[in-house]
Amino acid sequence: MNRKIIVFDTTLRDGEQVPGAKLNIHQKIEIAQQLKRLNVDIIEAGFPASSAGDFQAVQEIARSVGDSVSITALARAVQKDIDAVYESVKLAQNPLIHIVLGTSNIHVEKKFNRSKDAVMQMGVDAVKYAKTLLPHVQYSTEDASRSDFEYLWKTIEGVVKAGATMINVPDTVGYAIPEEFGDLIRRLNDRLKNLNDSVILSVHCHNDLGLATANTLSAIKNGAQKIECTINGLGERAGNASLEEVVMALKVRESSYNCYTDINTKELLRTSRLVSHLTGLDVQVNKAITGENAFAHSSGIHQDGLLKDKQVYEIMSPEEVGAESMELILTARSGRHAFKNAVEKMGFDTSDAADFELLFEKFLTLADAKKEVYDHDVFYLVTNHRTLGDGSTHLYELESFQVVSNDLYPTATIKLRKGTESIKGSSVGDGPVDALYSVIKNLVGLEVQLKDYKISSLSRGKEAMGRVNIRIEYEGRIYSGRAMDTDIIKASANAFLNGINAVLLDAANN
Ligand code: KIV
Ligand code: ZN
C-alpha cells in the first residue's frame with residue numbers, strides 16, 4: 001500500500017532567510033493562502049522571536065489559513081522563543097511548535113561551548129516545556145548529517161521520551177550524499193520505530209552540492225514520512241529541497257517509491273510564480289518543473305517526435321503542474337465579468353466588492369496602456385494590489401516624472417506623493433536611471449545603496465511589459481523592489497520606490 005508523505009513547506013521561514021527576499025506581512029499572507037490552495041500539510045510561517053513583524057505575520061497566517069493547514073514556526077531551545085511560537089501559532093486548528101538545536105560536535109563545541117550532555121539536556125528541557133503548551137512538538141537535530149550517530153540517537157531518544165511528536169533530521173549544510181543520507185535515515189527509522197512508532201520521522205535537506213532533491217528522495221525510500229522543502233528551492237545559501245521537484249518525482253515515479261503526497265500539483269506553477277514575483281528572485285529558465293523552458297521543446301527531432309506522440313519526449317504533461325495552454329486575452333472592453341472570471345480562475349478571492357472595484361480600475365488603466373492583457377498581467381496586477389500594505393504606513397508613490405537622456409547631463413525631475421504630502425526635485429546623473437535614482441534618494445532622505453538592477457521583458461503581445469527588479473542596501477539589510485510597466489523608466493522609478501517602501505514597512509513592523 002502506498003504511504004502518504006507529509007509535506008512541510010518552509011518557504012516563509014528558511015526561504016525568507018535569502019538576502020533580499022524579505023516579505024511584508026501582506027505578501028506572506030498571500031503566499032500562505034496560495035500554499036493552502038497547493039494543499040501542503042504544514043506551513044512554517046516564520047521565526048517569531050526574531051522580530052515583532054515576524055511574530056505578527058505568523059499570528060496573521062495562523063488566523064487566516066490555520067483552519068485547514070497545520071501552522072508552525074521556529075524556536076531555539078529557549079523558553080522565550082518557545083513562548084513566541086506558542087503565542088503566534090495557537091489560533092490555528094492544528095498548531096505545532098518547532099524547536100531546533102545542534103547535534104554535531106562542531107555545533108555543540110563552537111556554538112554552545114557546553115558539554116554534549118548539557119546541550120542534550122537543553123533540548124530535553126525545551127521539549128518538556130513546549131509540551132506544557134501544545135501537544136505537537138517537532139524537534140530538529142541541526143547538522144544531523146555531520147553528527148556522531150550515537151550522540152544523535154541519544155538526543156532523539158531523550159527528546160522523544162520528553163514528548164516530541166516529530167523528529168526532523170536536517171542536512172543543514174548540504175553535505176550529505178544520497179546513499180549515506182538514506183542509510184542514516186534507515187538506521188534512525190529502525191530505532192525510532194522500536195522506541196515509539198507514532199513519532200514521525202522527517203528530513204530537511206539543503207542544496208549546497210545540488211543534492212537536496214536526491215537526498216530527500218533517498219530519505220523517503222528509507223522510511224522518512226515527512227519532508228521539509230520550499231517553493232523554487234529557496235533557502236539559506238544554495239537553498240532547500242524544491243517542493244515541486246520532490247512532489248513531481250514522487251508522482252511521476254510513484255511505482256518506484258510507493259508513496260504519494262496530497263499536493264494539488266496543478267497549483268505548482270502558480271505558486272512558483274507568486275513566490276518569484278513577491279520575493280523578486282527569478283526562477284532559472286531551465287529549472288525542473290517550473291522553469292520557463294521546462295516544457296519547451298526546441299530541436300526539430302524532438303518536435304517531430306512530440307507531434308507523433310507527446311510521450312515520446314514528455315514524462316509529465318504541462319497541465320499536471322498547472323501550465324494551462326488556454327488563456328483568455330482581455331482588453332479594456334472585456335468588462336467586469338470577464339475580468340472577475342480571470343481573477344477567480346487564478347484562485348484569487350473577489351468577494352470584497354469594494355476591493356474588487358479598486359482592482360478593476362487598475363485593470364482598466366493597464367488595459368488602456370497595454371491594449372492586450374494576458375494571464376501573466378492579471379496575476380501581477382492582483383498580487384501587487386494585494387501586497388502593498390494596509391494603508392497604515394504612508395508609502396511613496398510616483399506622481400509624475402520627466403527624464404532626459406543625453407551624453408552631457410542626463411537629468412531626471414520627479415514628483416512624489418506620500419500620504420497628503422507632495423514633493424518634487426531634479427537631479428543629474430551618469431545616465432537616465434542614475435539621475436532618476438539620485439533624485440528619489442534626495443527626496444526620500446534615506447541613505448540607500450543600489451546593489452543590483454535588472455530589467456527584463458515580462459509578458460507577450462505587442463505591448464510587452466518591462467519588469468525591473470532592484471536590490472538596495474539600507475543599514476546593512478538588503479531589500480528588494482520590483483515593478484512593471486510598458487514604460488521602462490516608469491518601471492525603474494517604481495521598482496526603486498517599492499524598495500524604499502519595503503524599508504519603511506520593515507521599520508514600521510519592527
Ligand atoms: O537547516 C536547518 O538545519 C534548519 C533547521 C531549523 C531545521 O533550517
Ligand atoms: Zn534549513
Side-chain angles (χ1 to χ4, degrees), residues 6-19 21 40-50 54 58 70-78 81-82 84-85 88-89 96-108 110-112 119 122-123 126-127 130 136-147 151-152 155-156 159 164-176 181 184-185 188 199-213 215-216 219 224-243 245-246 279:
I6 300 167
V7 178
F8 174 114
D9 181 277
T10 180
T11 309
L12 294 171
R13 200 276 299 164
D14 217 320
E16 213 226 356
Q17 285 171 214
V18 175
V40 303
D41 299 286
I42 307 173
I43 295 176
E44 185 167 44
F47 179 21
S50 67
D54 227 57
V58 176
S70 171
I71 306 293
T72 190
L74 186 66
R76 291 162 295 189
V78 291
D81 281 28
I82 296 170
V85 171
S88 58
V89 301
L96 169 76
I97 295 177
H98 178 190
I99 298 169
V100 62
L101 189 63
T103 46
S104 64
N105 287 351
I106 190 148
H107 274 234
V108 171
K110 303 277 179 208
K111 273 173 69 174
F112 306 112
V119 170
M122 263 174 80
V127 172
H136 300 296
V137 175
Q138 161 160 301
Y139 191 87
S140 281
T141 51
E142 194 183 15
D143 208 13
S145 54
R146 291 193 302 167
S147 302
Y151 177 69
L152 175 63
T155 304
I156 292 175
V159 297
T165 49
M166 287 182 189
I167 295 295
N168 181 42
V169 181
D171 178 27
T172 302
V173 289
Y175 176 74
F181 195 61
L184 172 67
I185 297 305
L188 290 176
V199 173
I200 288 167
L201 185 60
S202 162
V203 291
H204 174 112
C205 297
H206 276 270
N207 205 29
D208 299 63
L209 293 173
L211 293 171
T213 297
N215 285 334
T216 304
Q225 289 165 271
K226 170 177 158 281
I227 53 169
E228 298 200 353
C229 33
T230 58
I231 301 300
N232 298 337
L234 294 185
E236 278 286 340
R237 308 178 310 281
N240 289 62
S242 131
L243 182 148
E245 290 174 17
V246 179
T279 57

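For ligands, and for the atoms within them, numbers begin at 1 and follow the listed sequence. On a predicted model such as this, the values are computed, not experimentally measured, just so you know.
- One distance of note links OG1 of T10 with CG of N240; it measures 6.5 Å at 0.5 Å rounding.
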Stepwise, does the side chain to side chain donor-acceptor pair (under 3.5 Å) test hold for N168 with S202? CA-CA 4 Å; N168 181 42; S202 162; 2.7 Å; yes
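- Minimum heavy-atom separation, A212 to N207: N-OD1, 3.0 Å.
- Checking side-chain atoms of T141 against main-chain N and O of A144 turns up no donor-acceptor pair under 3.5 Å.
- Separating the NE2 atom in H107 from the CG atom in L101 is a distance of 10.0 Å, to the nearest 0.5 Å.
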Distances for all N or O pairs of ligand 1 and the protein under 3.5 Å?
from     : atom 1 : to   : atom 2 : distance (Å)
ligand 1 : 1 (O)  : H204 : NE2    : 3.2
ligand 1 : 1 (O)  : H206 : NE2    : 3.0
ligand 1 : 3 (O)  : T172 : OG1    : 2.6
ligand 1 : 8 (O)  : R13  : NH1    : 3.4
ligand 1 : 8 (O)  : R13  : NH2    : 3.0
ligand 1 : 8 (O)  : D14  : OD2    : 3.0
ligand 1 : 8 (O)  : H204 : NE2    : 3.1

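- Annotation: protein N, O or S atoms under 2.8 Å of the Zn ion (ligand 2) (waters excluded) comprise D14 OD2, H204 NE2, H206 NE2.
- Judged by distance alone, with hydrogens and angles left aside, the side-chain atoms of H206 form a donor-acceptor pair with the main-chain N or O of G239 at under 3.5 Å.
- Using a 4.0 Å cut-off between charged nitrogen and carboxylate oxygen, E142 and K111 count as a salt-bridge pair.
- The nearest pair of heavy atoms linking A164 to V199 is O-CG2, 3.7 Å.
- Checked options V89, V137, T72, I43; the residue passing with L96 is T72 (criterion: side-chain contact (heavy atoms from CB on, under 4.5 Å)).
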